[in-house]
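What follows is a short report on a single structure.
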Amino acid sequence: MKPIAIDVDDVIAVLKNALYTSLKKRYPSVESPEHWAGFDIYNRYGIPIKEFLDIILEDNLLATIPMARGALKALQALKDSGRPLVLITSRGYAPEALTTGWLAANKVPHDDLIIVPEGMTKAEAAIAKYPQGFLYMVDDLPKNLDDMKNAGLVKYTILIDQPWNQERQDYKEGVSRFESLEDFVISLQRENFKEHLKFPAVSLELAC
């Protein structure tokens, strides 16, 4: 049974708001997240990449950011459907304990965690462990989805709507683009993709 692959930051965890606050203290010209046309904001505001990543670590963002709206119930619903859940995150720049500690503190349901080493793509990090690939991959960065699709590792790619992915008009709202993981799972529980997973009788909508 092919697993479901799910990103962490700005999919199940809300990084952008805390990151903005941290950057704004040091770089007053940084605009709020709704203006981030691309997620390479360090280039946009002339922040060295090492300093950008150091800010995330210095301010302990990865250990303190909140869960996204409805993400916990959505993950539990996916797990209850019987498909293994694999979290894939590009946090190779950070100590693994920051991610595993956050997952444990928030009681995040998952079956496996892949932390992508620096310099690797998510597809490169996943292929050795999951050569059969995934049924779905959920991410906020189109490149991650493109890489996984080009490697033949995913059947369906799902984009979580963010300011930095608006140029990808090929992802259609309610079909392959959703406001949140919760909205995607609600869609799964309806008619759109029901044949791919078997959910318990109580729906996510009723459980919320």
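If you read the sequence from its start, that first residue is 1, and numbering goes on from there.
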In the structure I gave you, are the side-chain heavy atoms of [X] and [Y] within less than 4.5 Å of one another anywhere?
X      : Y      : result
Gln76  : Lys107 : no
Leu19  : Trp36  : yes
Tyr45  : Glu31  : yes
Pro95  : Leu62  : no
Pro84  : Asp112 : no
Lys24  : Ser32  : no
Arg190 : Ile186 : yes

Work out which heavy atom in [X] is nearest to a heavy atom in [Y]; give both atom names and the distance.
X      : Y      : value
Ala77  : Val185 : CB-CG1, 4.0 Å
Phe134 : Ile88  : CZ-CD1, 4.1 Å
Glu124 : Gly119 : OE1-O, 4.3 Å
Val108 : Leu72  : CA-CD1, 4.0 Å
Gly92  : Glu118 : C-CG, 3.8 Å
Val14  : Ala68  : CG2-CA, 3.6 Å

Walk me through whether Asn106 and Ile12 qualify under side chain to side chain contact (heavy atoms under 4.5 Å, CB included).
CA-CA 11 Å; Asn106 287 278; Ile12 69 170; over 6 Å; no

Report yes or no: does [X] contribute a side-chain atom to a donor-acceptor pair with the main-chain N or O of [Y] at less than 3.5 Å?
X      : Y      : answer
Arg91  : Asp9   : no
Ser176 : Lys172 : yes
Arg26  : Ser22  : yes
Asn165 : Ile160 : yes
Glu51  : Pro48  : no
Gln162 : Asp10  : yes
Asp111 : Val86  : no

Carboxylate-amine/guanidinium contact Lys143 Asp147, below 4.0 Å:
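Counted as a salt bridge, because a side-chain N and a carboxylate O are separated by less than 4.0 Å.
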
Does the distance from a Lys or Arg side-chain N to an Asp or Glu carboxylate O, for Lys73 and Asp80, drop under 4.0 Å?
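No.
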
Applying side-chain hydrogen bond (donor to acceptor under 3.5 Å, both in side chains), name anything that partners Trp164, two or more places apart in sequence or on another chain.
Asp140

Verify same cluster id: [X], [Y] (apolar side-chain graph, 4.5 Å):
X      : Y      : value
Val138 : Leu78  : yes
Leu135 : Ile6   : yes
Leu98  : Ile114 : no
Leu113 : Met137 : no
Ile49  : Tyr20  : yes

Let me confirm one number: the [atom1]-[atom2] distance from [X] to [Y], rounded to the nearest 0.5 Å.
X      : Y      : atom1 : atom2 : value
Leu188 : Ile158 : CG    : CD1   : 7.5 Å
Leu87  : Leu75  : CG    : CG    : 7.0 Å
Leu23  : Tyr42  : CG    : OH    : 12.5 Å
Met148 : Lys122 : CE    : NZ    : 7.5 Å
Arg177 : Arg168 : CZ    : CZ    : 9.0 Å
Leu145 : Asn150 : CG    : CG    : 10.5 Å

Identified side chain to side chain donor-acceptor pair (under 3.5 Å) partner of Asn144 from the options Asp7, Thr157, Asp139:
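The single option meeting the side chain to side chain donor-acceptor pair (under 3.5 Å) with Asn144 is Asp139.
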
Given Tyr27 and Ile55, is the side chain to side chain contact (heavy atoms under 4.5 Å, CB included) satisfied, shown in steps?
CA-CA 11 Å; Tyr27 297 91; Ile55 288 170; 4.1 Å; yes

Check whether more than 12 heavy atoms from other residues, nucleotides or ligands sit under 6.0 Å from atom CD of Glu173, and answer yes or no.
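Yes, CD of Glu173 has more than 12 neighbouring heavy atoms, counting only those of other groups under 6.0 Å.
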
Qualifying residue, where the test is ring pair (Phe, Tyr, Trp, His ring centres under 6.0 Å) with Phe178 and the options are Phe184, Tyr136, Tyr171
Phe184

Stepwise, does the side chain to side chain contact (heavy atoms under 4.5 Å, CB included) test hold for Ile65 with Asn17?
CA-CA 9 Å; Ile65 53 178; Asn17 297 331; over 6 Å; no

Assess whether side chain to side chain contact (heavy atoms under 4.5 Å, CB included) is satisfied between Tyr130 and Lys2, documenting all intermediate values.
CA-CA 9 Å; Tyr130 294 94; Lys2 289 187 176 182; over 6 Å; no

